[in-house]
Asker: 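Can you keep this structure in mind? I'll have questions shortly.
Note that these values count all heavy atoms, side chains included, but never hydrogens, waters or copies made by symmetry.
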Amino acid sequence: MKLGLEGKRVLITGGSKGIGQACAMAFAAEGCGLDLVARDVARLEAARDAIRAAHPIEVRLHPGDLRDGEAVRRIAAECADAEILVNNAGDIPGGAIDQIDEARWRHAWDLKLFGYLNLTREMLAHMRARGRGVIVNVIGMAGEKPTWEYICGAAANAGLAALTKGLGSKSPEFGVRVLGIHPPATRTDRITALLKNVAKNKYGDESRVDDVLRDGAFGRVIEPEQVADTVVFLASPRASHVSGLVLNLGS
């Protein structure tokens with residue numbers, strides 16, 4: 001199904017692997033030009049090469065740490081022509097409140113919560129001036145179903161869901177839609193490491209990932225491509241009637 005996205009530019013954070021790379025590949029299949037952001041230059045280049053091997057589209061790379069406000073502003077200026085922003089970068093650790101000290105908590109939120117917020121602020125201004133644009137926030141089911149074992153991520157995700165709904169309730173008045181999705185546990189390197197950490201904290205054995213999944217805290221595992229397909233649809237004109245929605249992909 002063609003979604004009417006051909007020729008649009010898409011800015012994707014955390015675009016070098018996992019859900020971000022899956023989103024990049026899905027948008028490329030629709031004929032979109034890409035701007036990919038990540039900290040690791042080698043991973044960015046590898047992602048670009050894989051995408052270009054499958055789809056003859058332009059891929060621009062923007063190495064940078066979204067914890068850094070100057071980097072955020074630089075990236076937003078370089079990508080001012082992007083009509084779609086996919087906020088996806090994050091690496092919040094698992095653990096209960098007594099296992100994550102203030103420094104680690106702030107470090108995690110500087111990327112996931114403030115990274116989304118600050119880049120959204122910058123790109124929303126460009127989109128508003130143009131009179132069109134879409135922002136899709138890849139958030140996480142922990143925001144909807146918080147758990148003891150992933151409290152730092154749950155609190156950040158709940159805040160991002162509120163941000164998405166609040167902005168999206170007003171933004172269509174100036175031609176911009178803001179949406180979000182809550183993926184459940186998704187088969188990426190980061191989630192695998194997170195599940196191992198939870199298993200170690202809960203059972204004293206990081207190999208007991210299946211037990212963590214069975215206890216219901218993380219629900220079922222889905223594939224990055226399933227998340228990407230949803231992001232692409234929500235960003236497309238086929239979903240032009242939707243804003244201020246955060247869609248749960250898990251149960």
Asker: Measure the shortest side-chain to side-chain distance between Val134 and Ser243 over non-hydrogen atoms and say whether it is less than 4.5 angstrom.
Answerer: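 A side-chain contact is absent here, since even the closest heavy-atom pair is not under 4.5 Å.
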Asker: For Leu36, does its backbone N or O pair with a side-chain atom of Arg48 as donor and acceptor, under 3.5 Å?
Answerer: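 Judged by distance alone, no pair lies under 3.5 Å.
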Asker: Nearest 0.5 angstrom please: Asp110 CG to Asp65 CG, how far?
Answerer: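 Reported value, rounded in 0.5 Å steps: 9.0 Å.
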Asker: Quick check: do Phe27 and Ile57 have side-chain heavy atoms less than 4.5 Å from each other?
Answerer: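 No - every pair of side-chain heavy atoms lies 4.5 Å or more apart.
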Asker: Would you find a donor on one side and an acceptor on the other, under 3.5 Å apart, between the side chain of Asp68 and the backbone of Glu70?
Answerer: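 Checked: pair present.
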Asker: Which atom names give the shortest non-hydrogen contact between Leu119 and Ala76, and what distance separates them?
Answerer: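 Taking every non-hydrogen atom into account, CD1-CB, 4.1 Å.
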Asker: Checking Glu83 against Arg9 for the side chain to side chain contact (heavy atoms under 4.5 Å, CB included) test, could you report, in this order, the C-alpha distance in whole Å, the side-chain angles of both residues, the deciding distance, and whether it holds?
Answerer: CA-CA 6 Å; Glu83 295 183 58; Arg9 291 213 65 85; 5.8 Å; no
Asker: A quick test of your reading: do over 12 heavy atoms of other residues, nucleotides or ligands sit less than 6.0 Å from CZ of Arg106?
Answerer: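 No.
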Asker: Quick one, Ile181 with Val227, criterion side chain to side chain contact (heavy atoms under 4.5 Å, CB included). Give me CA distance, side-chain angles, the key distance, then yes/no.
Answerer: CA-CA 8 Å; Ile181 61 170; Val227 181; 3.4 Å; yes
Asker: With a 4.0 Å cut-off on N to O distance, would you call Lys8 and Glu30 a salt bridge?
Answerer: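 Salt bridge absent between Lys8 and Glu30.
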Asker: Asn157 versus Lys112: any side-chain heavy-atom pair under 4.5 Å?
Answerer: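 Asn157 vs Lys112: side chains touch.
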Asker: So does Glu6 have more than 12 non-hydrogen atoms from other groups sitting under 6.0 Å from CD?
Answerer: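 No.
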Asker: Can you name the nearest heavy-atom pair linking Ser171 to Val178, along with the distance?
Answerer: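 Of all heavy-atom pairs spanning Ser171 and Val178, the closest is OG-CG2, 3.6 Å.
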Asker: Specify the closest pair of heavy atoms between Arg130 and Ala80, including all atoms of both residues, with the distance to one decimal.
Answerer: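 Smallest heavy-atom distance, with atoms named: NH1-O, 2.7 Å.
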Asker: Val41 and Ile75: same hydrophobic cluster, using ILVMFWY side-chain contacts below 4.5 Å?
Answerer: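 In one cluster: no.
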Asker: Got a second to check how far Thr120's OG1 is from Leu163's CG, nearest 0.5 Å?
Answerer: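 Interatomic distance, Thr120 OG1 to Leu163 CG, rounded to 0.5 Å: 6.0 Å.
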Asker: Would you say Ile97 and Trp105 make side-chain contact, with heavy atoms under 4.5 Å?
Answerer: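 SC-SC contact between Ile97 and Trp105 confirmed.
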Asker: Search all heavy atoms of Leu5 against all heavy atoms of Pro237 and return the closest pair with its distance.
Answerer: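 So the minimum-distance heavy-atom pair works out to CD2-CD, 4.1 Å.
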Asker: Taking all non-hydrogen atoms of both residues into account, name the closest pair between Ala89 and Gly14 and its distance.
Answerer: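 Shortest heavy-atom contact: CB-N, 3.7 Å.
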Asker: Evaluate the criterion salt bridge (charged side-chain N to carboxylate O under 4.0 Å, His left out) for residue pair Arg67 and Asp91; output intermediate values, then yes/no.
Answerer: CA-CA 12 Å; Arg67 292 182 174 93; Asp91 58 2; 3.1 Å; yes
Asker: With rounding to the nearest 0.5 angstrom, report the CZ to CD distance, Arg52 to Glu45.
Answerer: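 Here the rounded value is 13.5 Å.
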Asker: Do you know the tightest heavy-atom contact between Ala228 and Ala26?
Answerer: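 For Ala228 and Ala26, the tightest heavy-atom pair comes out as CB-CB, 4.1 Å.
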Asker: Rounded to the nearest 0.5 Å, what separates atom CZ in Arg128 from atom CD in Glu173?
Answerer: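 Separation between the atoms: 8.5 Å.
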Asker: Are Phe174 and Met127 co-members of a hydrophobic cluster defined by side-chain heavy atoms under 4.5 Å apart?
Answerer: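 Both belong to a single hydrophobic cluster.
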Asker: How many angstroms lie between atom CG of Asp35 and atom CG of Asp81, to the nearest 0.5 angstrom?
Answerer: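 So the gap between those two atoms works out to 6.5 Å.
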Asker: Side chain to side chain contact (heavy atoms under 4.5 Å, CB included) with Ile135: which of Leu11, Asn87, Val86?
Answerer: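 Result: among Leu11, Asn87, Val86, Asn87 is the only option passing the side chain to side chain contact (heavy atoms under 4.5 Å, CB included) with Ile135.
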Asker: Look up atom NE2 in His55 and atom CG in Leu34, then write down how far apart they are to the nearest 0.5 Å.
Answerer: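 These two atoms lie 9.5 Å from each other.
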Asker: I'd like to check Leu249 versus Pro184 (side-chain heavy atoms, cut-off strictly below 4.5 Å). Are they in contact?
Answerer: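 The answer is yes; the side chains approach within 4.5 Å.
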Asker: Does the side chain to side chain contact (heavy atoms under 4.5 Å, CB included) test come out yes or no for Leu117 and Phe114, once each step is laid out?
Answerer: CA-CA 5 Å; Leu117 169 61; Phe114 287 102; 4.0 Å; yes
Asker: Do Ile100 and Tyr150 pass the side chain to side chain contact (heavy atoms under 4.5 Å, CB included) test, and can you show the C-alpha distance, the side-chain angles, and the key distance before you say yes or no?
Answerer: CA-CA 10 Å; Ile100 306 173; Tyr150 188 54; over 6 Å; no
Asker: Just by modelled atom types, is the Pro93 backbone N or O under 3.5 Å from a matching donor or acceptor in the Arg104 side chain?
Answerer: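 The answer is no, because no donor-acceptor pair under 3.5 Å joins these two groups.
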